[in-house]
Amino acid sequence: MIDDSNRPVYTYHELHLLQYVTQFSCMAEAAQMVQGKEQKLHPGTMESVRSQLETCVVKTNLGLKEKCLAEYEALSKCLKNHERSYAKCTKLIESMQKCGLDNELGNFRKK
């Protein structure tokens, strides 16, 4: 769990980059968050779910930078150069997702 003193603040670009892996690596946590929002639960009652999602995103980000740095940096550069046409970065997105799966980041698990 992450406390307020070490909670990361991500830029738009970092979140854009992370979404391509966290959509799989943190799928269960994101689904719980969406479910709570759909049920119109008070944000205060969603604290543990939010914390679990945040922890998964942070761990995924750290794992990407540790184990998939080349893919992370290549995709980062591509997304910066093609801000409005991410389709040009599809192969790099797939490469980073594969690296995340191969390294079992977040909740990625090999079957």
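No single ILVMFWY cluster, assembled from side-chain heavy atoms under 4.5 Å apart, contains both Val34 and Val49. Cluster annotation: Leu101 is not connected to Leu69 through the hydrophobic network of ILVMFWY side chains, with a link wherever side-chain heavy atoms come within less than 4.5 Å.
Minimum interatomic distance between Gly100 and Cys68 (heavy atoms only, all atoms of both residues): N-SG, 3.9 Å. Pairing each heavy atom of Ser95 with each of Glu71, the nearest pair is OG-CG, 3.3 Å.
Rounding to the nearest 0.5 Å gives a distance of 8.5 Å between OG1 of Thr55 and CZ of Arg50. Remark: Gln52 CD to Glu47 CD distance equals 10.5 Å, nearest 0.5 Å. Distance OH/Tyr72 to CD/Glu14: 5.0 Å, rounded to 0.5 Å. The structure places SG of Cys99 at 9.5 Å from NZ of Lys67, a figure rounded to the nearest 0.5 Å. Note that the OG1 atom of Thr22 and the CG atom of Leu105 stand 11.5 Å from one another [nearest 0.5 Å]. Distance NZ/Lys59 to SG/Cys26: 10.0 Å, rounded to 0.5 Å.
Using modelled atom types, one side-chain atom of Gln97 and one backbone atom of Tyr20 make a donor-acceptor pair closer than 3.5 Å. Panel note: side chain Thr60, backbone Cys56; a donor-acceptor pair is recorded below 3.5 Å.
Here the options are Leu75, Val21, Asn103, the test is side-chain contact (heavy atoms from CB on, under 4.5 Å), and the partner is Leu64; only Val21 passes.
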Show me the side-chain donor-acceptor pairs of residues 79-93 shorter than 3.5 Å, one per line, residues at least two apart or across chains.
{"from": "Asn81", "atom 1": "ND2", "to": "Lys77", "atom 2": "O", "distance (Å)": "3.3"}
{"from": "Thr90", "atom 1": "OG1", "to": "Ala87", "atom 2": "O", "distance (Å)": "2.7"}

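The shortest distance between side-chain heavy atoms of Glu66 and Leu62 does not fall below 4.5 Å.
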